[in-house]
Amino acid sequence: MRRKKMSENYENRDEYLHRLRHSTSHVMAQAVLEKFPEGQVAIGPPIEDGFYYDFDLPRSLTPEDLDEIEARMRAIVSEDHEFVYREIDEEEARRIFANQPYKQELIDGILAAGMDEYGEPLVGAARLSVYESGSFVDLCRGPHVDNTRDINPEAIKLLSVAGAYWRGDERNPMLQRIYGTVWETAQQLEEYLAWREEVEKRDHRRLIKELDLLSFHPEGGAGLAYWHPKGGRIRVLIEDYWRQRHYDGGYEIVFTPHIGRAELWETSGHLDFYRDGMYAPMDVDGQDYYIKPMNCPFQILIYKSRLRSYRELPLRWAELGTVYRYERSGVLHGLLRVRGFTQDDAHIICIPEQIEDEILRVLDFSLDLLRGFGFDEFKIELSVRDPDKPEKYAGGDGMWKQAEQSLVRALEARALPYERMEGEAVFYGPKIDIKIRDALKRAWQCTTIQFDFNLPERFDMTYIGEDGKEHRPYVVHRALLGSLERFFGVLVEHYGGAFPVWLSPVQVILIPIADRHVEYANSVAGQLRGAGLRVEVDDSSDRMRAKIRNAQLQKVPYMLIVGDREMESDQVNLRLRDESVPGSKSVDEFIALAQEAVADKRVL
RNA sequence: GCCCACGUAGCUCAGCCGGUAGAGCACACCCUUGGUAAGGGUGUGGCCAUGGGUUCAAUUCCCAUCGUGGGCUCCA
């Protein structure tokens, strides 16, 4: 009989899971090496929800191989192998891993550069150690579980094989990575697998097709989205709300062209540092024009269209700007990664004294706007300079300090927890990224608020200060939804396609029971449309039950059944998308109910 | 871009070892007028992603291209 709670021997559950997953990856490596004795092993760390191990094998793995390896792992686990830690010297390490070139490289790294086996800087003195379990010895720092007895064989599942470069560098050989997961109990594994199924069910790539929202077309080009009428309807609702909020929030809205002369992109520096992301130029009257990958240079031209006074700052200019970027074919992913997309871009141009207020204002605005769409959990990251390489960055030391301080102060003023990302800033300025957590607790990168110390210099942006002299303004670049495409994809997954009433492309569907009820259904539909609701009448020859099924599958929030009873009493019979049936209502009652749900941005 | 897999009707998918294709749904028409998730019948619909090669013969085998998926790297 196994111990009931295997985690109880460890500090806490997280510590146990971490060790468990790391140890299970070793067990997997043993199973793989038994099958391919000539195989080479790279690294195999624990990751969120599981583990992986990278191998260099004589042939590609198949799903059947995974089944076999998984079965072998269960057997190994049941053999009760201890995980034995041992510190060794270089000579022994070289000998143990004589036929393991990747491990030799890791040994080099540990000894020479003070790097650990994952390429991270080593804490403390360089020390070589191995963990042995069963027939497998790995260069490893641990920690591990004490014995394979602490791994529940019923809670192991290998998930997939994928290519991965040695050390993540595309110049290195491609290895085969096996992903797996392991939990404390079989039930936890079941729950995790069920979660993965739920993720699959909500996949926006499936839902946009089923709900007739958007499509992609091979003949039209990869990574280019086509918005159908229903998707278009939702997009317009998002945009209208966005525009209203921006005007209310003190922004002005601008429009800029889609292409610009090479000279502009030379000035902005994009041709130097962003050329790989840009499409080839087109010839216009002998001049090279580029399709825009970003909106910033255009907005700056608007700024420079005349002399600016400190009195008119801050300027907040927003734009739904469609940009095109070359993304490598392998990274395209539904709506979440496309080649043409519309950013909800804005630039805040202000004097240094205004920067703290402006940052706080944009932070509040972002979170509030996102909450309007039903997101209320966020993961915030502050990306700052790499303190060791100040020469890598545009802008002076003082500017970086002030900028960073304004970002930190804004986060602290709102008591928002955030993670500080050292060295993650782009070269032109520090930034705050806000990732939204969806209904399945996944984090999506949408919002970014970035300082730009590069463009004001390059374009020589100035304003006339109180002293009558020219000064350089601060420019903050921000996108809140990020891009409409990605945001829409996230929205679809968050709601699983069942949008809140205010965003539903069809809010109400009228279901006449028989043909003689169609006329009444149409007249009710007219009243509802008059009240501003989006309504359809299902006058097909389907039976009522089939009509209900179709409406459910289309995730229409409100179904109104109308038959003899409703016609006589001048009512409608309400069924909701959640399958509840509030029943008979007068048309006015229903209108009031629906309008309230819209106004409150409720799901139903 | 790289590694692996995949691409058959609008959609979801069958089609063993080569002999030019099938289901369900959707769609059209007919019958049915039915009270809270699929009523019945008939029918339309495929250059088997595209181009090349091997073969008497290719949807099936090989190569290339395009696209899609799982990853790596990168990113809104």
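Here is how names work: the chains are called A, B, and so on, in the same order as the sequence lines, proteins then strands, and each is numbered from 1. On a predicted model such as this, the values are computed, not experimentally measured, just so you know.
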Can you tell me if A/Y326 touches the phosphate of B/G1, counting only side-chain N or O atoms and a distance under 4.0 Å to OP1 or OP2? yes
Is there a side-chain polar atom (N or O) of A/H517 under 4.0 Å from OP1 or OP2 of B/G34? no
Is a donor-acceptor contact shorter than 3.5 angstrom present between the side chain of A/N573 and the base of B/U36? yes
Rounded to whole Å, how long is the line connecting atom NE2 of A/H204 with atom P of B/G69? 8 Å
How far does the C1' atom of B/G40 sit from the matching atom of B/C47, given to the nearest Å? 35 Å
Less than 4.0 angstrom between a side-chain N/O of A/K209 and OP1 or OP2 of B/U12, yes or no? yes
Please tell me if A/S329 has a side-chain N or O lying less than 4.0 Å from either OP1 or OP2 of B/G1. yes
Do A/R325 and B/C75 share a donor-acceptor pair, side chain to base, under 3.5 Å? no
Face-to-face stacking of A/Y179 with B/G71, centres under 5.5 angstrom, angle under 30°: no
Donor/acceptor link under 3.5 angstrom from A/E485 side chain onto base of B/A76: no
For B/U42 and B/G24, measure between their P atoms and round to the nearest Å. 10 Å
Using a 4.0 Å heavy-atom cut-off, does A/R205 contact any base of the nucleic acid, only the sugar-phosphate backbone, or nothing at all? sugar-phosphate
Salt-bridged, A/E200 to A/R205, with N to O below 4.0 Å? no
For B/C2, does either OP1 or OP2 sit under 4.0 Å from a side-chain N or O belonging to A/R171? no
Side-chain heavy-atom pair A/F298, A/H347 within 4.5 angstrom cut-off: no
Between A/G221 and A/G482, who's closer to the 5' end of RNA chain B by nearest nucleotide? A/G221
Please work out if A/A479 contacts a base, only the sugar-phosphate, or nothing of the nucleic acid, heavy-atom cut-off 4.0 Å. nothing
Expressed as a whole number of Å, how far does the C1' atom of B/U36 sit from that of B/C31? 24 Å
Flag side-chain contact, heavy atom, 4.5 Å: A/E589 against A/L574: no
Quick one: do A/R371 and A/D376 make a salt bridge, cutoff under 4.0 Å? no
Pick base, sugar-phosphate or nothing for A/E210, based on heavy-atom distances below 4.0 Å to the nucleic acid. nothing
Report yes if some heavy atom in the side chain of A/Y165 is under 4.5 Å from a heavy atom in the side chain of A/R171; otherwise report no. no
Which is it for B/C16, anti or syn, if anything within 90° of zero counts as syn? anti
